[in-house]
Amino acid sequence: MWNLNKALVTSLLCISALSSSPWPCTAAGQLGGKPLVTAVTKDASTSLYTAPLKDGHPLVLDLTSPVISLATCASSSKNNNGTLTATLSANATDGQNPLFPVSFSAVATCAPSSKLPAGAGAVGVAGLAPSSSSQQSLPAQVARTQKVADKVALCLPSDGRSTSGDSVGVAIFGGGPLFFVPPDRGDFTTMLAGTAPLHAGAGAGAPGYYVSSTGIAVEQARVGGPRGALVVALSSTVPYTALRPDVYAPFVKAFDAAAAGPNFPWMSRVAAVAPFDRCYDSTKLPQSLLGYAVPQIDVMLEGGQNFTVLGGNSMVQVNANTACLGFVQAPGQAPAAVIGGFQLENHLLLLDVDKKQLGFTTFLNAIGLSCSSFNFTLAS
């Protein structure tokens, strides 16, 4: 049953994950610099998330790419190994405000524009993914040049209608601290509720962030489908969570049953709107800080913790009167699930390669915040 108090408590849980993959670590003695902060903007037409890291121009943030790729090499120095050296920029931060601009050199690859994500006005891709065979991700290079930890505090915004206000999230390379307004709420990078193992990708040495799931639950009831460990990936370039066919079919069946049950009498099915299969009359759906009152979805993680998806991250408003379940069927066979950008929005993600740990905060809207609650005013 959808219960406001219970859902609020559940939303305050978060997950982190520990891995045994051979990712490089930064020795404690090497640390001592200041983390770098940048604004993160969502492009409404592509659902891509960008940061203005290259001469003020945006780079697409990609959780599955282990390298930086640039569309042009005109302002960069080519290296003998086919890579190039580019100048990127952000701001040093104390976790509460930007402090001062910082420029740094980074190794990148030169890619034709046709090979880069279309739209969003981006001039390249900032790969955030760790890799056992490469240390050229943006976080790894910031860690080396700035002498900070190899981790990222990433908070993806949900509003892509402008480049200011509620449309601006935040990323801190070096990992934190990170304070939202008002800062007396504390450092949100420390507000993690536990850990679960983080694994290498489905392919040997595949870059990215992966967790192992024991299944999916709808309204606290485990969904049928494949047994055993399910590989779940995180993606900032896939807009909505994509489930493998053998996972998607029983999940939708379970959601249908919950939505048609006595606890959700307000859920009225309407015609589907692509790419979604399940859409509802949103004028009848009650709303709260948690989003629409719809069945709760839990991705059950190895170690016994859940990544909870509430109405604010499950229902996509496709027009004035229609909201759709933001899960789609994946065309391939692996991984079992890819958690897309929409489901990650307004959670602070702590991607810590040094500790081989992935952390989630609560759904920030549930406590009156959002990823746009960082203060980008330059400290005096």
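D352 CG to D150 CG: the interatomic distance, rounded to the nearest 0.5 Å, is 8.0 Å. Note that CD of Q136 is 12.0 Å distant from CG of L138, once rounded to the nearest 0.5 Å. For the atom pair CG (L234) and OG1 (T241), the distance works out to 9.5 Å, reported to the nearest 0.5 Å. Between the CG atom of L349 and the OG atom of S236 there is a distance of 9.5 Å, given to the nearest 0.5 Å.
Side-chain atoms of T308 and N306 include no donor-acceptor pair closer than 3.5 Å. In this structure, a donor-acceptor pair under 3.5 Å is absent between the side chains of S213 and E302. In this structure, a donor-acceptor pair under 3.5 Å is present between the side chains of T46 and D43. Using modelled atom types, one finds no donor on one side chain facing an acceptor on the other under 3.5 Å when comparing T377 with N97. At a cut-off of 3.5 Å, with distance as the only test, a side-chain donor of D298 or Q296 sits close to an acceptor on the other residue. Between the side chains of S69 and T109, a donor-acceptor pair is found at a separation under 3.5 Å.
In this structure, Q141 contributes its side chain and V107 its backbone to a donor-acceptor pair below 3.5 Å. Side-chain atoms of R222 come within 3.5 Å of backbone atoms of T214 as a donor-acceptor pair (strictly under, hydrogens ignored).
A salt bridge links D256 with R278: the distance from a Lys NZ or Arg NE/NH1/NH2 to an Asp or Glu carboxylate oxygen falls below 4.0 Å.
If you chain together hydrophobic residues whose side chains sit under 4.5 Å apart, M300 and L230 never meet in one group. Cluster membership check: V338 does not share its hydrophobic cluster with V125, using side-chain heavy-atom separations under 4.5 Å among Ile, Leu, Val, Met, Phe, Trp and Tyr.
Between F251 and F327, the ring centre distance stays below 6.0 Å. Between Y240 and F276, the ring center distance clears the sub-6.0 Å criterion. Between F188 and F179, the ring centre distance reaches or exceeds 6.0 Å.
A 4.5 Å side-chain heavy-atom check between Y209 and P130 finds at least one atom pair inside the cut-off. Annotation: side chain of F307 is not in contact with side chain of V211 (no heavy-atom distance under 4.5 Å). Side-chain contact between P139 and L351 is absent, with no heavy atoms from C-beta onward closer than 4.5 Å.
Of the candidates N313, L344, N346, L364, N346 is the only one forming a side-chain contact (heavy atoms from CB on, under 4.5 Å) with S158.
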